[in-house]
Amino acid sequence: MGQDVSAVPETMKPKSLSERSLSAVADYIKSGKAPKVVVLTGAGISTAAGIPDFRSPETGLYANLAALELEEPEDVFSLPFFKENPKPFYVLAKDLYPGKFHPTISHVFISLLATKGLLYQLFTQNIDCLERAAGVPADLIVEAHGSFASQRCIDCKTPYPDDKMREHVSRAEVPHCEKCNGLVKPDIVFFHENLPSLFFERTHMAEEADLILVLGTSLTVHPFASLPDLAPFKVPRVLFNMVRVGSLGSQPDDVLVLGDCDTGVRQLADALGWREELEAEWRKLVGDEEADRQSKGSSKRQDELHDEISQLVHDVDKVLHVHDVSSSGSSSPSPEAVAEKEVIATTQQEVQQSESASVKESIETTTGTEEIKVSGT
């Protein structure tokens, strides 16, 4: 399945699996040879829940944000940009904030691995907290790019109350520290920020894995992208993704399951004899209506995502391009609005003077078969 794009010659036999297939992976698990399963996830695992991924060429958040004439579409998640103008981030946060979305069957499969005592560690790039919502124990999760689970002042680092954060995000308003009036930001990792120390403290667990499962990630952002390569050469690695990424497909025990994550996970559950249990747990968690919505055709989900992303981009665009209300005969704009317009005008002038190659490059790198998420930032 999907092995037609593998770089491994058919004549090269696997070292640990009986063959390069999901049924062989299932036999490997059922034989007790994989007591330490390490799972790596990106945004592709959450797209069925209605959360857009970041790097897909057409439906990805970055590709759509590129239309806003930012110097880089990633600027919304850049710390320097946030310090200058945090409003666009909070417009996006309103629609990405936990509570609006429900776990996919792939999230519940990871939880099932934990329940059966097989999950050694989950490393996720996602900031949506859906692994937690699916029941994966917090001590087995490394949120490599942080999450919306907590927040604090970017200046004095004082934590900010959860309830007040939810109130501000629900209104797309920027919260300020109650102690020093500094900007408050969720504990998600922006560009120009270091990854959490826990990530580096637990990377050794990838080296100790008996099986690596990679779901829905482009493996383009380092150091997360290097995790699959830490496992010993003989350890089976299974990729559930739309395309081949990273070094997956280059080793004898790599199995590529190309397509959407949920379909591949269901196939593995079938091979393991867990399908009925998995479906029941998932429907119990999210309800039949949500389960049916997620289970409908991927083309319909893509249409819904396209509409949602278009609205998101429109909302951010309104924030980035502040109109002079006086032009319509209204009162003069506030000093804050004037200052914001000046910042935006300066940014637009710099963009016009610069070449567009940097933006094109950031988009085009997602289209290459070898490099093509979600998860996260």
Side-chain angles (χ1 to χ4, degrees), residues 16 22 25-26 28-30 33-49 53 103-145 147 195-196 198-199 201-219 221 223-232 235-242 245-248 253-257 260-269 271-272 274 278 281-282 373-376:
S16 299
L22 276 185
V25 173
Y28 182 76
I29 294 173
K30 290 187 289 186
K33 295 178 180 178
K36 296 180 178 180
V37 180
V38 169
V39 180
L40 315 177
T41 64
I45 195 177
S46 298
T47 52
D53 73 358
T104 66
I105 199 165
S106 295
H107 290 105
V108 177
F109 179 81
I110 300 170
S111 179
L112 192 59
L113 285 174
T115 299
K116 295 180 179 296
L118 297 174
L119 182 63
Y120 192 44
Q121 190 67 55
L122 165 64
F123 293 88
T124 181
Q125 293 173 290
N126 297 338
I127 60 176
D128 52 36
C129 299
L130 289 182
E131 297 87 1
R132 297 171 183 242
V136 180
D139 62 334
L140 295 180
I141 304 174
V142 172
E143 291 162 327
H145 295 167
S147 76
L195 270 61
L198 186 63
F199 174 83
E201 293 168 4
R202 296 193 180 178
T203 53
H204 68 92
M205 301 180 84
E207 301 174 10
E208 301 165 357
D210 302 305
L211 174 65
I212 299 280
L213 303 181
V214 181
L215 296 89
T217 171
S218 63
L219 291 182
V221 180
F224 188 96
S226 65
L227 288 174
D229 299 320
L230 296 179
V235 170
R237 306 184 303 176
V238 186
L239 174 67
F240 299 90
N241 203 45
M242 297 303 294
V245 296
S247 65
L248 278 298
D253 289 273
D254 286 353
V255 176
L256 307 183
V257 187
D260 67 89
C261 293
D262 290 350
T263 298
V265 162
R266 283 186 168 97
Q267 292 169 348
L268 178 55
L272 286 165
W274 298 357
L278 175 63
E281 287 297 321
W282 177 51
K373 124 189 199 32
V374 156
S375 263

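With rounding to the nearest 0.5 angstrom, the CD atom of Glu131 is 4.5 Å from the OG1 atom of Thr41. Summarising the geometry, atom CG belonging to Leu40 is positioned 9.5 Å from atom OG1 belonging to Thr124; distances are rounded to the nearest 0.5 Å. The line from OG of Ser106 to CG of Leu215 is 6.0 Å long, rounded to the nearest 0.5 Å. In this structure, Trp274 CH2 and Glu281 CD are separated by 12.5 Å, a value rounded to the nearest 0.5 Å. Between the OG1 atom of Thr203 and the CD atom of Glu208 there is a distance of 9.5 Å, given to the nearest 0.5 Å. Taking CG of Leu239 as the start and CG of Asp254 as the end, the distance is 8.5 Å to the nearest 0.5 Å.
Partners of Asp210 by side-chain contact (heavy atoms from CB on, under 4.5 Å), not counting sequence neighbours, listed by chain and number: Tyr28, Ala34, Pro35, Lys36. Listed by chain and residue number, Ile212, Ala231, Pro232 satisfy the side-chain contact (heavy atoms from CB on, under 4.5 Å) test with Val235 (two or more places apart in sequence, or in another chain). Phe224 pairs by the ring pair (Phe, Tyr, Trp, His ring centres under 6.0 Å) definition with nothing, not counting sequence neighbours. In terms of the side-chain hydrogen bond (donor to acceptor under 3.5 Å, both in side chains) criterion, residue partners of Gln121 (sequence neighbours excluded) are, by chain and number, Arg202. Partners of Thr115 by side-chain hydrogen bond (donor to acceptor under 3.5 Å, both in side chains), not counting sequence neighbours: none found. Glu207 pairs by the side-chain hydrogen bond (donor to acceptor under 3.5 Å, both in side chains) definition with nothing, not counting sequence neighbours.
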Under 3.5 Å, sequence neighbours excluded: what are the donor-acceptor pairs made by side chains of residues 133-144?
unit_1: Glu143; atom_1: OE1; unit_2: Arg132; atom_2: NH2; d: 2.8
unit_1: Glu143; atom_1: OE1; unit_2: Ser147; atom_2: OG; d: 3.4
unit_1: Glu143; atom_1: OE2; unit_2: Arg132; atom_2: NE; d: 2.8
unit_1: Glu143; atom_1: OE2; unit_2: Arg132; atom_2: NH2; d: 3.4

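At least one donor-acceptor pair closer than 3.5 Å links the side chain of Trp282 to the backbone N or O of Pro103.
The shortest distance between side-chain heavy atoms of Thr104 and Cys261 does not fall below 4.5 Å. Side-chain contact between Leu272 and Phe109: present, with at least one pair of heavy atoms (C-beta onward) separated by less than 4.5 Å. The shortest side-chain heavy-atom distance between Glu201 and Pro196 does not fall under the 4.5 Å cut-off. Looking only at side-chain heavy atoms (C-beta outward), Leu213 and Leu113 come within less than 4.5 Å of each other. In this structure, Val108 and Leu278 have side chains that are in contact, with non-hydrogen atoms separated by less than 4.5 Å. Looking at heavy atoms from C-beta onward, Asn241 lies out of side-chain contact with Leu219 at the 4.5 angstrom threshold.
No more than 12 heavy atoms of other residues, nucleotides or ligands lie within 6.0 Å of NZ in Lys33, so this atom counts as exposed by the packing criterion.
Between Arg237 and Asp229, at least one side-chain nitrogen of the basic residue sits less than 4.0 Å from a carboxylate oxygen of the acidic one, meeting the salt-bridge criterion.
Nearest heavy-atom pair across Ala206 and Val38 is CA-CG2, 4.3 Å. Gln125 approaches Gly42 most closely through the heavy-atom pair OE1-CA, 3.8 Å.
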Discussion item. One pair to check against side chain to side chain contact (heavy atoms under 4.5 Å, CB included): Ile45 and Ile110. What are the steps and the verdict?
Written reply: CA-CA 11 Å; Ile45 195 177; Ile110 300 170; 3.8 Å; yes

